Amino acid sequence: MQERVKSPKFDVVGTRPVRPDGADKVTGRAKYGADHNVAGQLVGKVLRSPHPHARIKSIDTSAALAMTGVKAVVTRDDFKDQSSEFVPAGEMLVNYRDVVRNVMAREKVLFEGHPVAAVAATSESVARAALRAIKVEYEILPHVIDVVEAMKPDAPIVEDGMITVGVTPPPTKPSNVAKRVEFVLGDIEKGFKEADLVIEREFNTKPVHQGYIEPHACVASVSEDGTAELWTTTQGHWIARAHCARLLGWDMTKLRVTSSEIGGGFGGKTVVYLEPLALALSAKTHRPVKMAMTREEVFKASGPTSGANVWVKMGVKKDGTITAGEAVLKYQAGCFQGSPVQPGCMCAFAPYDLANVKVVGFDVLSNRPKVAAYRAPGGPISEYAVESVVDEIAEKLGMCPIELRLKNAAKEGTKAAYGPKFGPVGMVECLEAAKGSPHWKAPLGKNQGRGIAAGFWFNIGGETTVNLQLNEDGTLTLMAGTPDIGGLRASLAMMAAEELKIPYEKVRPIIADTSSLGYNFVTGGSRSTFSSGLATVEAARSIIKQACGRAAKLWEIPEDAVTWESGEIKPAGDNAGKFKPMTLTDIAKVAGKTGGSIVGVGAISAQGAAPSFGVHIADSEVDPDTGKLTITRYTVIQDAGIAIHPAYVEGQYQGGAAQGIGWALNEEYIYGDDGKLQNAGFLDYRIPVASDLPMIETIIVEVPNPRHPYGVRGIGETAIVPPMAAINASAARATGVRMFELPLSPPKVLKAMKAAKKA
Amino acid sequence: MKHHVTTTVNGDEVEFLCETEQTLLDCLRDELELTGTKEGCGSGDCGACSVLLDGRLVCSCLVLGVETNGKKIETIEGMATGDKLHPLQRKFLEHAALQCGICTPGVLVAAKSLLEKNPNPTETEVRYWLAGNLCRCTGYDKIIRAVMDAAAEMRGA
Amino acid sequence: MRYESPDTLEAAAKLLASESGEARILAGGTDLLVQIRAEVLSPALVVDIKKVAETRAIKEEAGGFRIGAAVTGAELKEHSALKKVWPGLVEAANLIGSTQVQGRASLGGNLCNGSPAADSVPAMIAAGAIASIVGPNGRRDLKVEDIMLAPRKLALQKGEIIASFLLPKRAPHSGDAYLRFIPRTEMDIAVVGCGVSLTLDGSGTCTAARVGLGAVAARPLLVEDAAKALVGTKVDDAALEKMAAAARAACKPIDDKRGTIEFRTDVAGVLAKRTALIALERARKA
């Protein structure tokens with residue numbers, strides 16, 4: 001069932017060992033964000049705005065502070081304002097002016113759930129009572145939720161005085177459009193003139209949440225000398241440290257951040273929410289403060305991704321050559337600028353080798369929580385729209401959708417509309433594998449339809465440090481700093497074992513805290529196996545070099561007269577055979593006598609990240625009387641470069657597909673006219689449950705990344721890109737109706753089917 | 001005034017004090033420091049807090065601590081025997097049936113309860129039994145395979 | 001918040017009646033605890049009725065079954081005699097939430113939570129279930145369809161507790177069924193729910209029928225016109241169409257996050273037909 005397309009020979013890479021953190025996770029021993037307690041800790045809770053948009057006239061905390069058991073309250077007054085400055089964080093930029101306002105409302109509350117105050121108290125019940133005792137006076141302002149509405153000239157303005165960037169000449173009137181971006185390749189008009197068929201469509205998608213099962217949680221403890229410890233569930237503890245230190249005006253070195261085991265993130269845990277509040281409360285009380293969000297708070301006040309309006313126009317010749325692709329993307333950013341519209345623009349036509357492309361994007365504010373990264377941020381939305389049009393083109397031309405894509409597929413040397421030329425990429429290989437898959441050839445039943453769609457994600461590298469220490473007995477401890485969100489420690493130990501030719505079990509990987517290791521950028525951008533893998537290999541090679549040096553010292557021969565061969569240190573050249581080869585264990589035993597501990601450090605800015613293309617095949621079945629769609633079969637085909645641990649690669653493919661299925665069928669943020677979120681819970685925010693899904697078949701295509709010693713490409717994000725379009729295409733065939741809006745929930749599907757029947 | 005509750009947790013008699021408002025989940029995590037049982041929603045919609053109460057699978061977030069006086073509670077911490085993992089735990093590791101692992105304790109407790117009642121479940125039966133255990137990472141595929149495989153091994157044993 | 005767990009209904013009723021603040025009955029707690037946590041409810045007193053034997057027992061009575069109000073869905077499912085006679089009702093109770101929730105949730109709680117979308121209620125209405133209610137002034141019976149008046153509003157007086165439900169003796173060739181529509185396969189609140197119970201004579205003609213509908217009005221409905229459409233027929237396509245039309249006509253739904261008026265009305269008819277067919281099949285075999 002699980003197929004591998006191509007694989008070179010490695011001893012450890014490509015096998016499926018049990019993960020090093022596995023036993024702790026199946027026994028309940030693993031400590032996640034909310035599982036850490038410190039003696040004497042207080043409970044922190046957040047007071048949140050009940051209004052989507054209001055000016056804060058006053059906050060009176062006196063009654064709360066007077067309550068027995070209430071130890072501290074923080075409000076906007078406890079955080080210094082920050083000037084406008086964009087810095088990289090996660091895969092997107094953040095502006096500290098906005099970060100400080102997102103953590104705690106200042107002039108205005110900008111969404112329902114916006115923090116207004118936080119308390120620390122001796123118990124949960126006292127903390128809750130304290131929140132009720134805080135009096136906030138609001139001047140309620142008109143709100144705007146929908147992205148298209150927010151772009152209208154008379155819309156309520158979310159950020160006072162905001163002038164659109166990227167428009168010449170600059171507009172004179174403030175609006176909710178923070179930014180306009182544009183990517184152009186070739187001549188779009190010429191492209192459309194060459195076309196025999198032009199299709200133009202408008203799509204709408206709803207904001208969806210990452211839906212990690214673990215709510216945000218942290219414990220902060222600030223000492224009387226100003227040093228602080230922070231335990232938090234995060235995708236990047238160095239980023240958390242940077243943000244917290246900045247917001248609190250502290251030296252970074254005083255703040256030690258430990259990342260807990262992380263119960264899912266998908267991009268959403270690259271943002272600080274509770275951490276600065278917990279630290280501020282602890283700094284006031286000098287007591288440890290533990291904070292955890294409820295599920296309702298997670299939905300209302302942590303990042304979903306954008307909802308969007310997308311317009312796509314594509315031109316194609318009769319033979320299937322796509323001559324032009326044009327799109328306008330309007331992405332909702334939430335209450336602060338910084339939607340993923342730019343990556344959305346860059347991804348839109350990336351699967352194809354096109355001469356003429358124009359993509360324009362708008363970053364639009366509204367009274368919703370600020371969006372956070374969500375698995376391939378921006379890509380799924382634009383590619384859903386483009387791939388849906390590609391499917392319609394195939395239908396209109398009477399072409400097989402795989403053949404149409406093969407004819408236009410991006411390949412090595414293709415110049416992407418966003419700038420670079422691709423190196424070796426696996427789009428064609430994925431399409432060929434799809435064509436040859438058992439799924440593609442299988443017959444369909446009544447009321448069923450099959451759809452296919454492609455997807456692309458860039459993947460990133462970035463700053464990464466790994467520390468590998470050779471223990472006295474020859475085993476190794478590996479310290480990485482990219483939080484392990486789903487098997488990273490296994491992959492890193494495997495690469496170290498492969499490089500050092502030692503058993504996998506001899507490497508024990510851990511995730512180190514910010515005071516124990518050099519800087520690490522977040523786990524995000526599908527970078528952790530790639531980047532921490534590169535750093536691991538570098539650290540391992542350093543160990544080898546040092547070990548060879550120690551042998552040279554022992555043998556009293558020059559260092560360059562020693563070689564490393566199949567896990568052994570051997571004398572070479574003239575000295576060959578003169579000394580008994582030594583293993584790393586042999587060297588470890590004498591390390592103390594030959595110069596001290598042997599530690600390898602890989603401290604790099606990882607370059608050479610390569611994109612991953614994927615192709616998904618979805619079968620759906622419609623209940624013609626209710627409009628309910630069921631996914632009856634699903635296959636993910638994706639280029640992994642080389643799969644280090646194939647089971648966790650398959651897991652990423654399956655998980656991405658499942659999230660995409662949820663996005664396609666049922667997940668959405670539902671707002672009332674009052675601007676309040678109506679489905680802030682797992683009951684009505686409907687992520688797929690076990691009985692909703694079929695087995696998710698996977699085909700790992702391996703087109704190695706030449707810029708990684710083990711050929712690794714990031715693979716985590718691409719898998720969420722194709723599902724919406726693949727399912728949309730399957731639904732079009734199952735129902736006989738094309739739909740242009742997500743989610744494809746039963747009332748919408750039934751309505752569309754009835755309308756088509758009437759027409 | 002707090003309630004004095006005496007229960008059996010994973011075979012050991014334990015006592016704790018709790019307020020009426022505290023759920024069994026709160027008591028396990030905050031009073032007994034058994035943090036293997038997770039809170040994902042607090043409303044019975046995610047199953048991360050699954051435990052057995054007098055042998056019956058429940059969400060511990062939907063039970064008051066005070067209700068458990070005199071009852072028998074089984075949690076993830078009691079699943080392995082000595083240094084021997086339960087077959088389900090072992091199969092979850094072999095099949096890579098967890099990614100982040102936050103849902104895993106609840107899924108394992110639920111799956112164990114299924115196999116006690118139905119040692120030979122179909123894929124559909126496993127999927128419906130576990131429908132209340134949300135997993136956002138895996139797409140459930142490997143979880144279902146691991147449960148089926150563990151069931152097969154346990155039947156053979 | 002005080003917690004009491006008396007072992008008689010009389011004591012429970014007294015506690016509830018004498019509480020000056022808000023008092024709530026705790027059975028399975030699967031709705032109550034969620035509402036307390038969300039601060040929708042902040043009762044001063046919670047009375048756990050599970051120590052009262054009647055609330056926890058399933059007994060055969062007068063040829064039918066008496067089901068304790070706090071008996072869980074999982075326990076109903078494990079009672080083979082009950083499941084054989086009232087499979088639809090047992091299935092309905094086992095659609096409430098997850099396996100975990102079914103380990104706690106009860107018929108009494110599902111009804112008294114006061115949601116128009118409660119899964120077991122249309123099935124109980126179809127079954128002709130009668131609630132036995134104990135209060136400060138003694139015991140009385142009330143038909144299930146008469147208990148819920150509007151969302152969160154019940155025809156119970158202060159201090160009154162539903163102790164058990166009586167499912168009447170079944171005539172030969174009877175069958176029941178319950179179906180609901182949800183967007184997923186599990187874990188959702190019914191967008192529409194439909195319970196049907198019917199009885200056939202020796203020739204296969206429907207002699208009696210009851211149809212309950214949920215989530216299509218402010219309260220679960222007994223739809224007599226839908227039942228009438230079946231009685232006297234062989235439950236053929238024409239009768240089913242008529243029944244579906246009657247079911248649709250009875251709908252007074254709202255547009256909300258779970259469905260539109262149009263969708264709910266449409267699907268009520270679809271489900272009524274499908275449910276009736278399952279009940280029919282069961283009646284033929286019974």
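Not measured: the values here are computed from a predicted model. Letters A, B, ... mirror the listed sequences (proteins, then strands); counts begin at 1. Note: hydrogens, waters and symmetry copies are ignored here, and every other heavy atom, side chains too, is used.
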Do [X] and [Y] have side-chain atoms, one donor and one acceptor, less than 3.5 Å apart?
X	Y	value
A:Q652	A:Q638	no
B:E125	B:N118	yes
A:E667	A:H209	no
B:T122	B:T124	no

For [X], is it the side chain, the backbone, both or neither that has a heavy atom under 4.5 Å from a heavy atom of chain A?
X	answer
B:L93	both
B:Q89	both
B:L134	both
B:F92	side chain
B:E33	neither
B:E39	backbone

Full working for side chain to side chain donor-acceptor pair (under 3.5 Å) between A:E214 and A:T233: CA-CA 9 Å; A:E214 179 202 30; A:T233 173; 2.6 Å; yes
When heavy-atom pairs shorter than 4.5 Å are enumerated against chain B, which of [options] gives the highest number?
options	value
A:S123, A:P215, A:A658, A:G487	A:P215
A:E261, A:K31, A:R295	A:R295
A:I213, A:I485, A:D21, A:L488	A:I213
A:A690, A:A292, A:A30	A:A690
A:S691, A:G28, A:G655, A:G486	A:S691

Once you measure the plane-to-plane angle for A:F682 and A:F299, does it fall in the parallel (<30°), tilted (30-60°) or perpendicular (>60°) bin?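 A:F682 vs A:F299 ring planes: perpendicular.
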Donor-acceptor pair, distance only, cut-off 3.5 Å: does the side chain of [X] make one with the backbone of [Y]?
X	Y	value
A:K45	A:A129	no
A:R19	A:R489	no
A:Y374	A:G303	no

[X], part contacting chain B, at a heavy-atom distance under 4.5 Å:
X	answer
A:T294	neither
A:L683	both
A:Q210	backbone
A:P694	backbone
A:R29	neither
A:Y653	neither

Nearest heavy-atom pair of A:I262 and A:P483: which atoms, and what distance?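 Here A:I262 and A:P483 meet closest at CG2-CB, 4.5 Å.
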Name the member of B:C103, B:A96, B:G36, B:S43 that forms the most heavy-atom pairs with chain A at distances under 4.5 Å.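 The residue among B:C103, B:A96, B:G36, B:S43 with the greatest pair count is B:A96.
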If you count heavy-atom pairs within less than 4.5 Å of chain A, which of B:R29, B:R90, B:E77, B:E94 leads?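 Answer, by heavy-atom pair count under 4.5 Å with chain A: B:R29.
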Is there side-chain contact between B:S60 and B:T23, with heavy atoms separated by less than 4.5 Å?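 The answer is no; the side chains never approach within 4.5 Å.
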May I ask you to check if B:K38 and A:Y32 form a cation-pi contact, with NZ or CZ under 6.0 angstrom from the six-membered ring centre and within 45° of the axis?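 Verdict for A:Y32: no cation-pi partner in B:K38.
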